[in-house]
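Remarks on the structure that follows.
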Protein chains: 2
Amino acid sequence: MTPIRIVIAEDQALVLGAIAALLSLEPDLTIVGRAADGDAALAMVRDLAPDVLLTDIEMPGLSGLDLAGRLADVHPRTAVVIVTTFARPGYLARAKSAGVRGYLLKDAPVDDLAAAIRTVAGGGRAIPADLAAAAIEIGCDPLTDRERDTLRLAAEGLSNKAIADRLGLSPGTVRNYLSDAAGKLGAANRIEAGRTARQNGWL
Amino acid sequence: MTPIRIVIAEDQALVLGAIAALLSLEPDLTIVGRAADGDAALAMVRDLAPDVLLTDIEMPGLSGLDLAGRLADVHPRTAVVIVTTFARPGYLARAKSAGVRGYLLKDAPVDDLAAAIRTVAGGGRAIPADLAAAAIEIGCDPLTDRERDTLRLAAEGLSNKAIADRLGLSPGTVRNYLSDAAGKLGAANRIEAGRTARQNGWL
DNA sequence: GCCGCGTAGTGACAGATGTCATGGGTCGGC
DNA sequence: GCCGACCCATGACATCTGTCACTACGCGGC
(Lines give C-alpha, C1' and ligand atoms only; values in the text may rest on other atoms or scores of the structure.)
Protein backbone atom coordinates (compact mmCIF):
# COMPACT_ATOMS: atom_id res chain seq x y z
CA MET A 1 0.00 0.00 0.00
CA THR A 2 1.59 3.27 -1.12
CA PRO A 3 1.28 6.21 1.27
CA ILE A 4 -0.76 9.32 0.46
CA ARG A 5 1.56 12.06 -0.78
CA ILE A 6 0.81 15.53 0.67
CA VAL A 7 1.90 19.12 0.09
CA ILE A 8 1.12 21.61 2.88
CA ALA A 9 0.66 25.35 2.33
CA GLU A 10 0.52 27.55 5.43
CA ASP A 11 2.13 30.94 6.00
CA GLN A 12 2.65 30.60 9.74
CA ALA A 13 5.89 28.63 9.96
CA LEU A 14 5.18 27.37 13.46
CA VAL A 15 1.76 26.03 12.52
CA LEU A 16 3.12 24.55 9.31
CA GLY A 17 5.84 22.70 11.19
CA ALA A 18 3.40 21.58 13.86
CA ILE A 19 0.87 20.20 11.39
CA ALA A 20 3.68 18.45 9.54
CA ALA A 21 4.79 16.87 12.82
CA LEU A 22 1.23 15.78 13.52
CA LEU A 23 0.76 14.14 10.13
CA SER A 24 4.16 12.50 10.29
CA LEU A 25 2.78 10.35 13.07
CA GLU A 26 0.43 8.68 10.57
CA PRO A 27 2.17 5.82 8.76
CA ASP A 28 0.01 6.05 5.64
CA LEU A 29 0.72 9.76 5.03
CA THR A 30 3.92 11.37 3.74
CA ILE A 31 4.61 15.06 3.44
CA VAL A 32 6.45 15.65 0.21
CA GLY A 33 6.46 19.44 0.26
CA ARG A 34 5.87 22.54 2.40
CA ALA A 35 5.05 26.00 1.07
CA ALA A 36 4.78 29.32 2.91
CA ASP A 37 2.54 31.03 0.35
CA GLY A 38 0.14 30.29 -2.47
CA ASP A 39 2.56 30.86 -5.32
CA ALA A 40 5.15 28.50 -3.89
CA ALA A 41 2.42 25.93 -3.31
CA LEU A 42 1.25 26.15 -6.92
CA ALA A 43 4.74 25.52 -8.23
CA MET A 44 5.22 22.69 -5.77
CA VAL A 45 2.03 20.93 -6.80
CA ARG A 46 3.07 21.21 -10.44
CA ASP A 47 6.45 19.70 -9.71
CA LEU A 48 5.50 17.01 -7.25
CA ALA A 49 1.95 16.08 -8.31
CA PRO A 50 0.89 15.11 -4.76
CA ASP A 51 -2.33 13.24 -3.97
CA VAL A 52 -3.50 15.95 -1.62
CA LEU A 53 -2.82 19.66 -1.11
CA LEU A 54 -3.54 20.83 2.42
CA THR A 55 -3.88 24.62 2.41
CA ASP A 56 -4.77 27.60 4.57
CA ILE A 57 -6.93 30.34 3.03
CA GLU A 58 -5.40 33.61 4.18
CA MET A 59 -1.83 33.66 2.93
CA PRO A 60 0.38 36.30 1.30
CA GLY A 61 0.12 36.36 -2.49
CA LEU A 62 -2.21 33.75 -3.89
CA SER A 63 -4.91 32.83 -1.34
CA GLY A 64 -5.86 29.24 -0.66
CA LEU A 65 -9.12 29.77 -2.55
CA ASP A 66 -7.36 31.24 -5.60
CA LEU A 67 -4.92 28.37 -5.42
CA ALA A 68 -7.70 25.82 -5.41
CA GLY A 69 -9.28 27.52 -8.41
CA ARG A 70 -6.03 27.36 -10.38
CA LEU A 71 -5.41 23.74 -9.50
CA ALA A 72 -8.87 22.69 -10.67
CA ASP A 73 -7.73 23.65 -14.18
CA VAL A 74 -4.04 22.84 -14.06
CA HIS A 75 -3.88 19.80 -11.85
CA PRO A 76 -7.26 18.19 -11.24
CA ARG A 77 -5.60 14.99 -9.99
CA THR A 78 -4.51 16.70 -6.75
CA ALA A 79 -7.36 16.88 -4.22
CA VAL A 80 -7.52 20.04 -2.12
CA VAL A 81 -8.28 20.23 1.60
CA ILE A 82 -8.79 23.70 3.04
CA VAL A 83 -7.83 24.24 6.68
CA THR A 84 -8.89 27.61 8.02
CA THR A 85 -9.59 29.57 11.16
CA PHE A 86 -12.78 31.07 9.77
CA ALA A 87 -16.23 29.56 9.47
CA ARG A 88 -17.25 32.11 6.85
CA PRO A 89 -20.04 30.89 4.60
CA GLY A 90 -18.65 32.77 1.59
CA TYR A 91 -15.32 31.01 1.94
CA LEU A 92 -16.96 27.61 1.91
CA ALA A 93 -19.08 28.60 -1.09
CA ARG A 94 -16.06 29.79 -3.04
CA ALA A 95 -14.14 26.66 -2.05
CA LYS A 96 -16.94 24.43 -3.28
CA SER A 97 -17.19 26.23 -6.61
CA ALA A 98 -13.42 25.85 -6.95
CA GLY A 99 -13.88 22.09 -6.73
CA VAL A 100 -12.53 21.71 -3.20
CA ARG A 101 -13.65 18.45 -1.59
CA GLY A 102 -12.28 18.92 1.92
CA TYR A 103 -12.94 21.85 4.28
CA LEU A 104 -11.86 21.90 7.89
CA LEU A 105 -11.75 24.42 10.72
CA LYS A 106 -8.69 24.79 12.90
CA ASP A 107 -11.18 24.35 15.72
CA ALA A 108 -11.83 20.77 14.68
CA PRO A 109 -10.49 17.81 16.67
CA VAL A 110 -7.06 16.62 15.53
CA ASP A 111 -8.28 13.26 14.28
CA ASP A 112 -10.49 14.98 11.73
CA LEU A 113 -7.49 16.20 9.79
CA ALA A 114 -6.02 12.82 8.88
CA ALA A 115 -9.53 11.50 8.35
CA ALA A 116 -10.35 14.28 5.90
CA ILE A 117 -7.12 13.72 4.00
CA ARG A 118 -7.84 10.02 3.63
CA THR A 119 -11.40 10.70 2.54
CA VAL A 120 -10.53 13.13 -0.24
CA ALA A 121 -7.55 11.03 -1.36
CA GLY A 122 -10.06 8.22 -1.80
CA GLY A 123 -12.24 10.45 -3.97
CA GLY A 124 -14.75 11.42 -1.26
CA ARG A 125 -15.87 14.68 0.30
CA ALA A 126 -15.10 15.96 3.79
CA ILE A 127 -17.21 19.01 4.49
CA PRO A 128 -18.81 19.31 7.95
CA ALA A 129 -22.61 19.28 7.77
CA ASP A 130 -23.00 22.22 10.17
CA LEU A 131 -20.81 24.47 8.04
CA ALA A 132 -22.64 23.50 4.89
CA ALA A 133 -25.98 24.18 6.59
CA ALA A 134 -24.81 27.60 7.80
CA ALA A 135 -23.66 28.47 4.28
CA ILE A 136 -27.08 27.63 2.87
CA GLU A 137 -28.78 29.58 5.64
CA ILE A 138 -26.79 32.74 4.89
CA GLY A 139 -27.19 32.42 1.14
CA CYS A 140 -24.84 33.74 -1.47
CA ASP A 141 -23.08 37.08 -1.78
CA PRO A 142 -25.68 39.75 -2.68
CA LEU A 143 -23.07 42.43 -3.44
CA THR A 144 -22.00 43.60 -6.88
CA ASP A 145 -18.30 44.07 -7.70
CA ARG A 146 -18.44 47.83 -7.24
CA GLU A 147 -20.31 47.55 -3.95
CA ARG A 148 -17.59 45.21 -2.70
CA ASP A 149 -14.82 47.53 -3.92
CA THR A 150 -16.25 50.58 -2.21
CA LEU A 151 -17.06 48.66 0.96
CA ARG A 152 -13.53 47.31 1.18
CA LEU A 153 -12.05 50.79 1.01
CA ALA A 154 -14.69 52.23 3.34
CA ALA A 155 -13.75 49.58 5.89
CA GLU A 156 -10.22 50.98 5.85
CA GLY A 157 -11.53 54.32 6.98
CA LEU A 158 -11.42 56.15 3.64
CA SER A 159 -13.97 58.90 3.04
CA ASN A 160 -16.37 58.91 0.09
CA LYS A 161 -14.10 61.43 -1.62
CA ALA A 162 -10.98 59.30 -1.08
CA ILE A 163 -12.73 56.15 -2.29
CA ALA A 164 -13.98 58.03 -5.35
CA ASP A 165 -10.44 59.17 -6.19
CA ARG A 166 -9.06 55.65 -5.83
CA LEU A 167 -11.70 54.07 -8.04
CA GLY A 168 -12.09 56.93 -10.48
CA LEU A 169 -15.73 57.55 -9.54
CA SER A 170 -17.71 60.51 -8.34
CA PRO A 171 -18.25 60.81 -4.56
CA GLY A 172 -22.00 60.67 -5.11
CA THR A 173 -21.71 57.33 -6.86
CA VAL A 174 -19.64 55.98 -3.99
CA ARG A 175 -22.32 57.14 -1.56
CA ASN A 176 -24.94 55.31 -3.61
CA TYR A 177 -22.97 52.06 -3.74
CA LEU A 178 -22.34 52.11 -0.01
CA SER A 179 -25.97 52.89 0.69
CA ASP A 180 -27.03 49.98 -1.56
CA ALA A 181 -24.58 47.63 0.14
CA ALA A 182 -25.77 48.61 3.60
CA GLY A 183 -29.36 48.09 2.51
CA LYS A 184 -28.67 44.62 1.12
CA LEU A 185 -26.80 43.62 4.26
CA GLY A 186 -29.37 45.09 6.62
CA ALA A 187 -26.74 47.40 8.11
CA ALA A 188 -27.31 50.87 9.52
CA ASN A 189 -24.00 52.27 8.24
CA ARG A 190 -20.80 51.45 6.35
CA ILE A 191 -19.04 50.10 9.43
CA GLU A 192 -21.70 47.53 10.21
CA ALA A 193 -21.95 46.68 6.51
CA GLY A 194 -18.21 46.07 6.32
CA ARG A 195 -18.32 43.88 9.39
CA THR A 196 -21.11 41.60 8.21
CA ALA A 197 -19.62 41.35 4.71
CA ARG A 198 -16.27 40.35 6.18
CA GLN A 199 -17.90 37.94 8.62
CA ASN A 200 -19.61 36.16 5.77
CA GLY A 201 -16.46 35.94 3.70
CA TRP A 202 -17.70 38.34 1.04
CA LEU A 203 -15.01 40.96 1.29
CA MET B 1 18.08 15.20 33.95
CA THR B 2 14.32 15.69 34.50
CA PRO B 3 12.31 16.90 31.50
CA ILE B 4 10.67 20.32 31.35
CA ARG B 5 6.96 20.01 32.22
CA ILE B 6 4.63 22.01 29.99
CA VAL B 7 0.96 23.00 29.89
CA ILE B 8 -0.39 24.27 26.54
CA ALA B 9 -3.35 26.61 26.21
CA GLU B 10 -4.74 27.13 22.70
CA ASP B 11 -8.35 27.32 21.59
CA GLN B 12 -7.88 25.90 18.11
CA ALA B 13 -7.89 22.15 18.73
CA LEU B 14 -6.04 21.33 15.55
CA VAL B 15 -3.23 23.77 16.31
CA LEU B 16 -3.12 22.60 19.92
CA GLY B 17 -2.73 19.00 18.83
CA ALA B 18 -0.18 19.90 16.20
CA ILE B 19 1.99 21.90 18.59
CA ALA B 20 1.78 19.09 21.10
CA ALA B 21 2.93 16.65 18.41
CA LEU B 22 5.80 18.95 17.54
CA LEU B 23 6.99 19.29 21.12
CA SER B 24 6.63 15.57 21.76
CA LEU B 25 9.50 15.08 19.35
CA GLU B 26 11.81 16.78 21.85
CA PRO B 27 13.10 14.31 24.44
CA ASP B 28 13.66 16.92 27.15
CA LEU B 29 10.10 18.28 27.03
CA THR B 30 6.88 16.68 28.32
CA ILE B 31 3.38 17.96 27.87
CA VAL B 32 1.50 17.42 31.09
CA GLY B 33 -1.68 19.27 30.20
CA ARG B 34 -3.72 20.82 27.39
CA ALA B 35 -6.36 23.51 27.80
CA ALA B 36 -8.78 24.97 25.26
CA ASP B 37 -9.38 28.26 27.09
CA GLY B 38 -7.85 30.55 29.68
CA ASP B 39 -9.95 29.41 32.62
CA ALA B 40 -9.15 25.76 32.07
CA ALA B 41 -5.47 26.64 31.74
CA LEU B 42 -5.50 28.54 35.03
CA ALA B 43 -6.96 25.57 36.87
CA MET B 44 -4.54 23.24 35.19
CA VAL B 45 -1.49 25.29 36.17
CA ARG B 46 -2.74 25.36 39.78
CA ASP B 47 -3.15 21.60 39.82
CA LEU B 48 -0.07 20.54 37.90
CA ALA B 49 2.46 23.30 38.68
CA PRO B 50 4.28 22.95 35.35
CA ASP B 51 7.62 24.55 34.61
CA VAL B 52 6.25 26.35 31.58
CA LEU B 53 2.83 27.49 30.35
CA LEU B 54 2.67 27.90 26.59
CA THR B 55 -0.33 30.05 25.72
CA ASP B 56 -2.11 31.79 22.88
CA ILE B 57 -3.46 35.31 23.49
CA GLU B 58 -6.87 35.38 21.83
CA MET B 59 -8.96 32.68 23.50
CA PRO B 60 -12.55 32.48 24.74
CA GLY B 61 -12.94 33.56 28.36
CA LEU B 62 -9.68 34.54 30.03
CA SER B 63 -7.19 35.78 27.41
CA GLY B 64 -3.57 34.68 27.42
CA LEU B 65 -2.54 38.09 28.74
CA ASP B 66 -5.09 38.01 31.57
CA LEU B 67 -3.94 34.50 32.33
CA ALA B 68 -0.31 35.58 32.55
CA GLY B 69 -1.31 38.39 34.90
CA ARG B 70 -3.13 36.03 37.24
CA LEU B 71 -0.29 33.52 37.24
CA ALA B 72 2.27 36.17 38.16
CA ASP B 73 0.42 36.46 41.50
CA VAL B 74 -0.81 32.92 42.02
CA HIS B 75 1.92 30.80 40.56
CA PRO B 76 5.15 32.71 39.91
CA ARG B 77 7.12 29.48 39.61
CA THR B 78 5.53 28.70 36.26
CA ALA B 79 7.18 30.63 33.41
CA VAL B 80 4.87 31.86 30.67
CA VAL B 81 5.59 31.77 26.94
CA ILE B 82 3.10 33.59 24.70
CA VAL B 83 2.61 32.25 21.19
CA THR B 84 0.50 34.52 19.02
CA THR B 85 -0.40 35.39 15.45
CA PHE B 86 -0.18 39.11 16.10
CA ALA B 87 2.88 41.32 16.26
CA ARG B 88 0.94 44.01 18.11
CA PRO B 89 3.15 46.27 20.23
CA GLY B 90 0.46 46.68 22.89
CA TYR B 91 0.23 42.93 23.36
CA LEU B 92 3.96 42.64 23.94
CA ALA B 93 3.87 45.57 26.36
CA ARG B 94 1.04 44.02 28.36
CA ALA B 95 2.78 40.67 28.31
CA LYS B 96 5.98 42.19 29.65
CA SER B 97 4.19 44.01 32.44
CA ALA B 98 2.47 40.73 33.34
CA GLY B 99 5.90 39.23 33.90
CA VAL B 100 5.95 37.12 30.72
CA ARG B 101 9.48 36.10 29.77
CA GLY B 102 8.82 34.42 26.43
CA TYR B 103 6.99 35.89 23.40
CA LEU B 104 6.85 34.22 20.03
CA LEU B 105 5.00 34.75 16.76
CA LYS B 106 3.37 31.87 14.94
CA ASP B 107 5.39 33.15 12.00
CA ALA B 108 8.63 32.16 13.73
CA PRO B 109 10.67 29.13 12.61
CA VAL B 110 9.71 25.91 14.39
CA ASP B 111 13.03 25.55 16.19
CA ASP B 112 12.42 28.82 18.00
CA LEU B 113 9.58 27.31 19.99
CA ALA B 114 11.53 24.61 21.80
CA ALA B 115 14.42 27.03 22.17
CA ALA B 116 12.20 29.64 23.81
CA ILE B 117 10.74 27.05 26.18
CA ARG B 118 14.18 25.92 27.28
CA THR B 119 15.35 29.50 27.72
CA VAL B 120 12.50 30.57 29.98
CA ALA B 121 12.56 27.27 31.90
CA GLY B 122 16.20 28.09 32.64
CA GLY B 123 15.18 31.50 33.98
CA GLY B 124 16.02 33.49 30.86
CA ARG B 125 14.07 35.70 28.49
CA ALA B 126 13.04 34.92 24.91
CA ILE B 127 11.67 38.05 23.30
CA PRO B 128 12.67 38.80 19.70
CA ALA B 129 14.69 42.01 19.40
CA ASP B 130 12.71 43.28 16.40
CA LEU B 131 9.38 42.98 18.24
CA ALA B 132 10.78 44.75 21.27
CA ALA B 133 12.17 47.52 19.06
CA ALA B 134 8.83 47.95 17.28
CA ALA B 135 7.06 48.18 20.63
CA ILE B 136 9.37 50.97 21.76
CA GLU B 137 8.96 52.76 18.44
CA ILE B 138 5.16 52.80 18.72
CA GLY B 139 5.18 53.81 22.38
CA CYS B 140 2.49 53.03 24.88
CA ASP B 141 -1.27 53.25 24.67
CA PRO B 142 -2.27 56.95 24.65
CA LEU B 143 -5.98 56.24 25.13
CA THR B 144 -7.95 56.68 28.33
CA ASP B 145 -10.39 53.98 29.48
CA ARG B 146 -13.44 55.83 28.20
CA GLU B 147 -11.82 56.55 24.83
CA ARG B 148 -11.12 52.84 24.48
CA ASP B 149 -14.67 51.92 25.50
CA THR B 150 -16.29 54.25 22.99
CA LEU B 151 -13.84 53.30 20.24
CA ARG B 152 -14.54 49.61 20.77
CA LEU B 153 -18.28 50.11 20.36
CA ALA B 154 -17.81 52.54 17.46
CA ALA B 155 -15.75 49.87 15.69
CA GLU B 156 -18.78 47.60 15.88
CA GLY B 157 -20.78 50.11 13.89
CA LEU B 158 -22.79 51.65 16.74
CA SER B 159 -23.85 55.29 16.41
CA ASN B 160 -22.97 57.95 18.95
CA LYS B 161 -26.48 57.66 20.35
CA ALA B 162 -26.26 53.87 20.67
CA ILE B 163 -22.83 54.05 22.31
CA ALA B 164 -24.12 56.70 24.70
CA ASP B 165 -27.05 54.47 25.72
CA ARG B 166 -24.79 51.50 26.32
CA LEU B 167 -22.33 53.43 28.45
CA GLY B 168 -24.83 55.72 30.16
CA LEU B 169 -23.34 58.86 28.66
CA SER B 170 -24.65 61.73 26.58
CA PRO B 171 -24.14 61.50 22.79
CA GLY B 172 -22.10 64.69 22.89
CA THR B 173 -19.66 63.17 25.34
CA VAL B 174 -19.26 60.14 23.12
CA ARG B 175 -18.51 62.45 20.20
CA ASN B 176 -15.86 64.18 22.24
CA TYR B 177 -14.18 60.96 23.32
CA LEU B 178 -14.08 59.64 19.78
CA SER B 179 -12.75 62.94 18.49
CA ASP B 180 -10.04 62.88 21.16
CA ALA B 181 -9.13 59.29 20.34
CA ALA B 182 -8.89 60.03 16.62
CA GLY B 183 -6.72 63.04 17.37
CA LYS B 184 -4.33 61.04 19.54
CA LEU B 185 -4.07 58.30 16.95
CA GLY B 186 -3.67 60.68 14.02
CA ALA B 187 -6.81 59.28 12.41
CA ALA B 188 -9.28 61.17 10.23
CA ASN B 189 -12.35 59.35 11.58
CA ARG B 190 -13.57 56.65 13.98
CA ILE B 191 -12.98 53.83 11.50
CA GLU B 192 -9.33 54.64 10.96
CA ALA B 193 -8.93 55.24 14.70
CA GLY B 194 -10.38 51.83 15.48
CA ARG B 195 -8.11 50.16 12.97
CA THR B 196 -4.88 51.66 14.27
CA ALA B 197 -5.86 51.05 17.88
CA ARG B 198 -6.61 47.40 17.10
CA GLN B 199 -3.41 47.06 15.06
CA ASN B 200 -1.37 48.25 17.99
CA GLY B 201 -3.09 45.94 20.43
CA TRP B 202 -4.79 48.73 22.34
CA LEU B 203 -8.36 47.70 21.83
C1' DG C 1 -37.22 44.92 -29.20
C1' DC C 2 -37.84 45.05 -24.47
C1' DC C 3 -36.55 43.98 -19.68
C1' DG C 4 -33.46 43.46 -15.98
C1' DC C 5 -29.11 44.32 -14.13
C1' DG C 6 -24.92 46.52 -13.31
C1' DT C 7 -22.55 50.69 -13.82
C1' DA C 8 -22.26 55.78 -13.30
C1' DG C 9 -23.92 60.16 -12.32
C1' DT C 10 -26.75 64.41 -10.24
C1' DG C 11 -29.53 66.94 -6.88
C1' DA C 12 -31.80 67.48 -2.55
C1' DC C 13 -32.54 66.65 2.14
C1' DA C 14 -32.06 64.90 7.00
C1' DG C 15 -29.28 63.25 10.14
C1' DA C 16 -24.73 61.71 11.84
C1' DT C 17 -20.12 62.88 12.64
C1' DG C 18 -15.93 65.73 13.61
C1' DT C 19 -14.04 69.91 15.82
C1' DC C 20 -13.70 73.42 19.12
C1' DA C 21 -14.50 76.24 23.10
C1' DT C 22 -16.11 76.12 27.57
C1' DG C 23 -17.89 74.62 31.75
C1' DG C 24 -18.21 71.45 35.56
C1' DG C 25 -16.65 67.52 38.93
C1' DT C 26 -13.26 64.11 41.26
C1' DC C 27 -8.87 62.45 42.53
C1' DG C 28 -3.93 61.95 43.25
C1' DG C 29 0.74 64.05 43.37
C1' DC C 30 3.87 67.71 44.70
C1' DG D 1 -3.44 74.26 48.06
C1' DC D 2 -2.63 74.03 43.25
C1' DC D 3 -2.03 71.44 39.01
C1' DG D 4 -2.76 67.99 35.98
C1' DA D 5 -5.21 63.77 34.62
C1' DC D 6 -9.59 61.93 33.64
C1' DC D 7 -14.40 62.17 33.68
C1' DC D 8 -18.88 64.31 31.91
C1' DA D 9 -21.58 67.68 29.62
C1' DT D 10 -23.36 71.54 26.41
C1' DG D 11 -23.57 74.52 22.31
C1' DA D 12 -22.23 75.90 17.76
C1' DC D 13 -20.47 75.01 13.47
C1' DA D 14 -18.87 72.69 9.19
C1' DT D 15 -18.55 68.63 6.96
C1' DC D 16 -19.57 63.90 5.99
C1' DT D 17 -22.95 60.22 5.45
C1' DG D 18 -27.20 57.92 4.35
C1' DT D 19 -31.34 57.98 1.58
C1' DC D 20 -34.19 58.82 -2.25
C1' DA D 21 -35.61 60.06 -6.84
C1' DC D 22 -34.44 60.24 -11.34
C1' DT D 23 -31.46 59.86 -15.54
C1' DA D 24 -28.42 57.45 -18.69
C1' DC D 25 -25.58 53.80 -20.97
C1' DG D 26 -24.21 48.98 -22.20
C1' DC D 27 -25.03 44.22 -22.12
C1' DG D 28 -27.20 39.73 -22.09
C1' DG D 29 -31.50 37.01 -22.16
C1' DC D 30 -35.99 35.98 -23.91
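Just so it is clear, the model here is predicted, and its values are computed rather than measured. Chain letters run A, B, ... following the sequence lines, proteins first and then strands; every chain starts at 1.
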Closer than 4.0 Å, any side-chain N/O of [X] to the OP1 or OP2 of [N]?
| X | N | value |
| --- | --- | --- |
| Thr173(B) | dC7(D) | no |
| Asn160(A) | dC16(D) | no |
| Thr144(B) | dC7(D) | yes |
| Arg190(A) | dG18(D) | yes |
| Tyr177(A) | dT7(C) | no |

What is the distance from [atom1] of [X] to [atom2] of [N], rounded to the nearest Å?
| X | N | atom1 | atom2 | answer |
| --- | --- | --- | --- | --- |
| Ile191(B) | dG18(D) | CD1 | C1' | 13 Å |
| Lys184(B) | dC6(D) | NZ | C1' | 9 Å |
| Asp180(A) | dA21(D) | CG | P | 12 Å |
| Asn189(B) | dG18(D) | CG | P | 11 Å |
| Glu147(A) | dG6(C) | CD | C1' | 9 Å |
| Leu178(B) | dT17(D) | CG | P | 15 Å |
| Leu151(B) | dG18(C) | CG | P | 10 Å |
| Ile163(A) | dG9(C) | CD1 | P | 14 Å |

Is there side-chain contact between Leu54(A) and Ile19(A), with heavy atoms separated by less than 4.5 Å? yes
Show, in sequence, the C-alpha distance, side-chain angles and deciding distance for Arg94(A) and Asp141(A), and conclude whether the salt bridge (charged side-chain N to carboxylate O under 4.0 Å, His left out) test is met. CA-CA 10 Å; Arg94(A) 276 192 273 165; Asp141(A) 183 354; over 6 Å; no
Which part of the nucleic acid does Arg175(A) contact within heavy-atom distance under 4.0 Å: base, sugar-phosphate only, or nothing? base
Which is true for Ser179(B) with a 4.0 Å heavy-atom rule: it touches a base, it touches only sugar-phosphate, or it touches nothing? base
Within the side chain of Arg190(A), is there an N or O that forms a donor-acceptor pair under 3.5 Å with the backbone of Ala154(A)? no
Should the pair Asp180(B)-Lys184(B) be classified as a salt bridge under the 4.0 Å nitrogen-to-oxygen rule? no
Using 4.0 Å as the upper bound for N to carboxylate O, is an ion pair formed by Asp56(B) and Lys106(B)? yes
Side chains of Asn176(A) and Arg146(A) only: does a donor on one sit below 3.5 Å from an acceptor on the other? no
Report the end-to-end axis angle of the helix from dG1(C)-dC30(D) to dC30(C)-dG1(D); each axis comes from five terminal pairs, and the value is rounded to 10°. 30°
Measure the spacing between CG of Leu71(A) and CZ of Arg46(A) and express it to the nearest 0.5 Å. 8.5 Å
Closest listed nucleotide, where the reference is the side chain of Asn176(B) and the choices are dT17(C), dT7(C), dA21(C): dA21(C)
